[in-house]
Colleague: 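Mind having a look at this structure? Questions to follow.
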Amino acid sequence: MLKKYLKVFKISFQLVFQYRFNVVLQMFFGFLPLIALISLWHSLFTDNNTINGYSIEMMVTYLIVAKVIDTILMPDMHWQVNEDIKTGELSKYLTKPISYFSYWFFNSLGNRIVRILLSIIPISIVIILNMGYFLIPNNFNLLFFIISLIGTMILYYMIYYLVSLFSFYFVEITSFFFTLEIVLELLSGSLIPLDFLPNALRNLINFLPFGYLVHFNINIYLNRLEFSEILYGFTLQFFWSLFLYVLIKILWKKGLNKYESVGA
Amino acid sequence: MKRYIKLFKAILKINLKNIMVYRANFFLNLVDSLVWFVITIIFFNSIFNILNNINDWNIYEIYILIGISELIKSLIFIFFINNLPYIPTLVNRGTLDYILTKPVNSQFLLSARKLDLGNIGNIVPSIFLIIFAHLQIGQNISVISILYFFILLIFSFLLSYSIWFILMTLSIWFTKVDNAHELFLGVMPLMRYPASIYQGVSRIVFIFVFPIILISNVPAYALLNRFEIFSTLILLVYAIIFFIISIFFWKFALKYYSSAGG
């Protein structure tokens, strides 16, 4: 009798393990393009001590920290929101005493913790492989860096939640999600530090929130910002989040009207 | 052989009949691919604004490399993206029978039965970029070089197919879940850089164990009139060896399938 239940327990345990194992593998594979990027910069630095104000140590650290920020903080709930809106699953949430916005916010908060745990191994491997090149910030910068990550998390969430609300209006939005991801990779500075981009593009980025997702944080980490610049960055993270939140409120209200008039 | 050409023509015909279904897909792919090209070109231009070359590759040579990597990626996606990722599921759920009962080679049918013609949208900008970069370089290219390029492209295609197929058959045993596929997609971005940037462990891994880098680099050498006999030989030999291994792996997987009671 007991044996039967033990078996059930074992199977469910294996299922969890299998699932986790898959996620771990996926994390590992996600780090492969980083190896290529680091190799590229290593070969560029063989003839130069500094490139555009960056030393090889700064660049390697930049790329690794950027990858860590994206791995841990980039939201993925937009797929599910899109699914909910398309299939009508959304109605289920509307009757609950918790807002859809906060539901996903807290959901992804939990998700972040899982991702931190899962990405520890691949991150450590990359850092160990680049041991002589990975810089550690001083306490003061580390503190501000961590605060800036909270800002990034909120700002990232606002951007992706806003975009996922487009699902109210467009049927084929999912391929746009992929496109958005590669565009953000460039504009947030996770592909290459923003100071490398052509001037015209940099001027444009100054009017957009994306530079405060990755580039700003790593500049704190690398001790490239004055205290006043850090404060200025925090302020912008805050106001961009607020601005996007207002847009979300408007889009949600309009989208919901459309959704209900179709569904009901 | 004739039978297979006929069969493939039939598959193509069925898929072409569905072309209207792919129309939206085609344009979405085209847009996605254009954005990707713009971003990649901005990335490399940003580097070339400061430096003149990347390991002796100038910017237009890099463009050719990018174009070729995307071309190969689109080609293998057209043929295999709707087929190879589903191999472990087919085997493990025991739904393979209807492929095995057909009087043709099961590996062939399994690999190329559903085409994804939407990916043709990605080919257009790749070819455009290659031609544009070539005109900028201004080097004359002989018919023989172009022919040579296409032969190497076929070997690259064969090698990438074989690697992908081997990974998928391996995953039947290892994780029993189809995410070996993610590994293959994860290494694809490595193709767009010159082989010479990879040093040490990554060089050994990505040239000799998992030869993904040569897939794009070797055909690029042909278009750039660079003669790298060693890497070309590795590509040719590896393509053949990996293809043979893929056949063996598939035979082995089939044994496993029948003994599992399928």
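A note on names: the letters A, B, ... follow the listed sequences, proteins ahead of strands, and every chain is numbered from 1.
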Colleague: Sort B:Asn45 into side chain, backbone, both or neither according to what part of it lies under 4.5 angstrom from a heavy atom of chain A.
Modeller: neither
Colleague: Which residues in residues 191-198 of chain B have a heavy atom less than 4.5 Å from any heavy atom of chain A?
Modeller: B:Tyr193, B:Ile197, B:Tyr198
Colleague: For A:Tyr169, I'd like to know if atom OH has over 12 heavy atoms of other residues, nucleotides or ligands within 6.0 Å.
Modeller: yes
Colleague: Which residues in residues 46-55 of chain A have any heavy atom lying under 4.5 Å from a heavy atom of chain B?
Modeller: A:Asn48, A:Ile51, A:Asn52
Colleague: What's the shortest heavy-atom distance between B:Ser46 and A:Leu197, and which atoms?
Modeller: OG-CD2, 3.5 Å
Colleague: Looking at A:Leu208, I'd like to know if its CG atom is crowded, meaning that more than 12 non-hydrogen atoms belonging to other residues, nucleotides or ligands lie closer than 6.0 Å.
Modeller: yes
Colleague: Taking CZ in B:Phe227 as the centre, count heavy atoms belonging to other residues, nucleotides or ligands within less than 6.0 Å. Is the count above 12?
Modeller: yes
Colleague: I need the contact set between residues 203-215 of chain B and chain A: heavy-atom distance under 4.5 Å, sorted by residue number.
Modeller: B:Phe206
Colleague: Within a reach of under 6.0 Å around CZ of B:Phe77, are more than 12 heavy atoms found that belong to other residues, nucleotides or ligands?
Modeller: yes
Colleague: So for B:Ile54, is it side chain, backbone, both, or neither that comes closer than 4.5 Å to the heavy atoms of chain A?
Modeller: both
Colleague: Are there residues of residues 35-44 of chain B that reach to under 4.5 Å of chain A by heavy atoms, and which ones?
Modeller: B:Val35, B:Trp36, B:Ile39, B:Ile42, B:Phe43
Colleague: Grab the two heavy atoms, one from A:Leu32 and one from B:Gly186, that are nearest each other, plus how far apart they are.
Modeller: CB-O, 3.8 Å
Colleague: Which atoms of B:Asn55 are under 4.5 Å from chain A, going by heavy atoms: the side chain, the backbone, both sets, or neither?
Modeller: side chain
Colleague: State the CH2-CD1 distance between A:Trp41 and B:Ile47, to the nearest 0.5 angstrom.
Modeller: 4.5 Å
Colleague: Shorter than 4.5 Å, heavy atoms on both sides: which option in A:Ser43, A:Pro198, A:Gly30 has the most such pairs with chain B?
Modeller: A:Ser43
Colleague: Under a 4.5 Å cutoff for heavy-atom pairs, which residue among A:Leu187, A:Leu201, A:Leu129, A:Ile192 has the most contacts with chain B?
Modeller: A:Ile192
Colleague: Counting only heavy atoms closer than 4.5 Å, note whether B:Ile50 contacts chain A via side chain, backbone, both or neither.
Modeller: side chain
